[in-house]
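Values reported hereafter were calculated over all heavy atoms of this structure, with side chains retained and with hydrogens, waters and symmetry mates removed. A quick note: this is a predicted structure, and the numbers were derived from the prediction, not measured.
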Amino acid sequence: MKSFILLLIAILSFTGCDKKLKNYDMLSTSLSNKFKNHIQLKEEEVKGIYNLNTRLFKNVIINVDNENKSSEMYAIFELGSDYDSCIEEVEYFIEQYKRSWENSEQMKLVNNGIKEEIGDYIIYVVNENPNEIINEIKGFIK
């Protein structure tokens with residue numbers, strides 16, 4: 001019994017007990033019908049395009065249109081230990097994203113984007129049905 005408790009403590013210290021994004025691949029597959037022709041940006045692209053300090057976060061997932069024709073996208077930010085800096089960085093990202101679509105016919109869609117904080121995550125969605133997408137993403141956060 002003592003070894004079981006020690007094993008459980010060891011597992012929790014490595015995995016944590018806060019909400020985690022489970023199986024991003026399954027989420028990506030689930031959302032692929034709603035976000036056609038989209039790609040997940042690599043960390044270097046996120047830094048270069050949006051000047052985002054990704055080191056503040058435990059994880060950043062940004063999925064955008066591969067041809068930059070549609071403003072529809074989703075971003076999932078897993079917050080790091082410096083909560084205030086993470087919030088500022090997400091706000092900066094959203095501002096940069098909106099600015100990149102200024103004066104385009106996509107601006108109305110971008111202005112209707114929704115940001116929601118769930119536990120250690122901030123989700124930002126630009127889509128015709130952003131609440132539906134956010135609810136789907138929530139199903140993958142445990």
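Formation of a donor-acceptor pair under 3.5 Å by the Gln40 side chain with backbone atoms of Asn63 is not found in this model. Remark: the backbone N or O of Asn129 is not paired with any side-chain donor or acceptor of Glu132 at under 3.5 angstrom.
Side-chain contact between Ile133 and Leu31: present, with at least one pair of heavy atoms (C-beta onward) separated by less than 4.5 Å. In this structure the side chain of Asn127 never reaches within 4.5 angstrom of the side chain of Leu109, judged on heavy atoms. Side-chain contact between Asp65 and Met73 is absent, with no heavy-atom pair separated by less than 4.5 Å. In this structure the side chain of Glu72 never reaches within 4.5 angstrom of the side chain of Lys34, judged on heavy atoms. When side chains are defined from C-beta on, Ile123 counts as touching Ile141, because their heavy atoms get closer than 4.5 Å. Annotation: side chain of Leu27 is in contact with side chain of Ile76 (closest heavy-atom distance under 4.5 Å). The shortest distance between side-chain heavy atoms of Tyr124 and Lys115 falls below 4.5 Å. Within the 4.5 Å cutoff, side-chain heavy atoms of Met107 are placed close to those of Asn111.
In this structure, Phe93 has its ring center under 6.0 Å from that of Phe77. Aromatic rings of Tyr74 and Phe35 (six-membered ring for Trp) have centroids within the 6.0 Å cut-off, being under it.
A distance of 8.5 Å separates CD1 in Ile61 from CD in Glu78, rounded to the nearest 0.5 Å. Residue Ser81 holds its OG atom at 8.0 Å from NZ of Lys58, rounded to the nearest 0.5 Å. Here the CD atom belonging to Glu67 is positioned 10.0 Å from the CD1 atom belonging to Ile39, to the nearest 0.5 angstrom. From Glu89, atom CD reaches atom CG of Asp82 across 10.5 Å, with rounding to the nearest 0.5 Å. Remark: Ile49 CD1 to Lys42 NZ distance equals 11.0 Å, nearest 0.5 Å.
At most 12 heavy atoms of other shown residues, nucleotides or ligands fall within 6.0 angstrom of atom CD in Glu128.
Under the 30°/60° scheme for interplanar angles, the aromatic rings of Trp101 and Tyr97 are found to be tilted.
Salt bridge status for Lys47 with Glu43: present, with a side-chain N to carboxylate O gap under 4.0 Å.
Tyr92 and Val125 are not part of a single hydrophobic cluster, where members link through side-chain heavy atoms under 4.5 Å apart.
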